[in-house]
Amino acid sequence: MLEARVYLTRPIPDAGIEMLREQISDFHMNEEDRVLSREELKQAVKGCDGILSLLTDKMDAEVMDAAGPQLKVIANYAVGFDNIDLQAATERGVLVTNTPGVLTDATADFAWALLMATARRIPESERYARAGKYKAWGPKLFLGGDFVGRTLGIIGAGRIGSAMAKRATGWNMRILYTDVQPNPNIEKEVGAQFVDMDTLLKESDYISIHVPLTPETHHLIDEAALRKMKPTAYLVNTSRGPVIDEAALARALKEKVIAGAGLDVFEEEPKIHPDLLELENVVITPHIASATHETRNKMATMAATNLIEALRGNRPPNLVNVDVWKD
Ligand code: DGY
């Protein structure tokens, strides 16, 4: 048993909770399935050596200081860690970990599902059928886009972007990608072509976003970017909402600057821009790209392992702020 105080900010799958209960002497958690208010969070983490946080928890200097100087690790239950002030953690010698790899396939599968649902207008046509509007088969009823032989643009060719590209080979698609630097693996494995952002925007029939949220990627897709896309193009985002300027996207969708969008993430989650909610050519899901039983279980045990290893004094397997680690 590890002599440590640990707080879990919201229930995660049981496998992760059991590990913490069995191995941590002073384990506490928010038993309710809801996001804690800021004051509740600051109060709850007081005196903790480790915190297992979710992407819905803003882990900034104030929260770290509320925990106290003994805080050693923040283990995030997500691959993205834009909810954590990394600099503040590093300055305080706090290790930050994430859950990479285990959610790659589930997220890439979902990005495809969202793209298909958007381009083949599945939710829109389902609403129509349920509303009793389907009176007869029609040659022009809910026309959408083809995939075979078309061009897929991947923004961000990391693990998930590459997995998305790999799936596109099933449709014999031309694959373009852009990133801060070329990724030889995606070129070798699926014949993807490295291009600049403008070329990707102009030539792609479908665009899928897979970048982390950083100051550089904030509003990467803005009004100007949207206007470079084809009017027949579809855009999907399963990364982080603020990568797209949501107001600009809503305008572009309304004015048919692009054909449609599939969004799993939003600028100010859980809020969704009201104009988007009014539109038929956007498919909206509540940040569920990694939500499969297997994946969420793996994320739980991975986050718990990261936390436990850090508290044991070992380098956690998925350390993000590597500068804090001194061998
Ligand atoms: C992540 O892990 O960053 C996803 O957004 C949720 O699984």
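Counting convention: from 1, in listed order, for ligands and their atoms alike.
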Taking only heavy atoms of [X] into account, list the atoms of ligand 1 that are under 4.0 Å away from them.
| X | answer |
| --- | --- |
| Met299 | 7 (O) |
| Ser290 | 6 (C), 7 (O) |
| Ala78 | 1 (C), 2 (O), 3 (O) |
| Leu103 | 2 (O), 7 (O) |
| His287 | 4 (C), 5 (O), 6 (C) |

Test side-chain hydrogen bond (donor to acceptor under 3.5 Å, both in side chains) applied to Asn318 and Asn306, Asn98, Asn76, the passing residue: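 Looking at Asn306, Asn98, Asn76, the match for Asn318 under the side-chain hydrogen bond (donor to acceptor under 3.5 Å, both in side chains) is Asn306.
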Charged N-O contact under 4.0 Å between Glu280 and Arg127: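 Salt bridge between Glu280 and Arg127, a charged N being under 4.0 Å from a carboxylate O: yes.
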Strictly below 4.0 Å, N to O, side chains only: are Arg227 and Glu223 in salt-bridge contact?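 A salt bridge is present here (some side-chain N lies under 4.0 Å from a carboxylate O).
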Report the nearest protein non-hydrogen atom to atom 3 (O) of ligand 1: residue, atom name, distance rounded to 0.1 Å.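 For atom 3 (O) of ligand 1, the nearest protein heavy atom is Arg240 NH2, 2.7 Å.
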Who's the nearest protein heavy-atom neighbour of atom 2 (O) of ligand 1, and how far?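 For atom 2 (O) of ligand 1, the nearest protein heavy atom is Val79 N, 2.7 Å.
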Selection residues 66-75 - residue pairs positive for side-chain hydrogen bond (donor to acceptor under 3.5 Å, both in side chains), sequence neighbours left out: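 Every pair satisfying side-chain hydrogen bond (donor to acceptor under 3.5 Å, both in side chains) with a residue in residues 66-75: there are none.
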Is the contact between Val265 and ligand 1 made by the side chain, the backbone, both, or neither, using heavy atoms and a 4.0 Å cut-off?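 Under 4.0 Å from ligand 1, Val265 contributes no heavy atoms.
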Proximity to ligand 1 by part of Leu55, non-hydrogen separation under 4.0 Å: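 The part of Leu55 near ligand 1 is the side chain, not the backbone.
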For Asp198 and Leu201, indicate whether the former's side chain and the latter's backbone hold a donor-acceptor pair under 3.5 Å.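 Not at all, since once roles are kept as given, no pair shorter than 3.5 Å links the two residues.
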Would you say the side-chain atoms of Arg38 and Gln43 include a donor-acceptor pair closer than 3.5 Å?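 No, no side-chain donor-acceptor contact under 3.5 Å.
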Pair Glu294-Lys298, salt bridge (charged side-chain N to carboxylate O under 4.0 Å, His left out): steps then yes or no: CA-CA 6 Å; Glu294 297 82 353; Lys298 286 183 196 159; over 6 Å; no
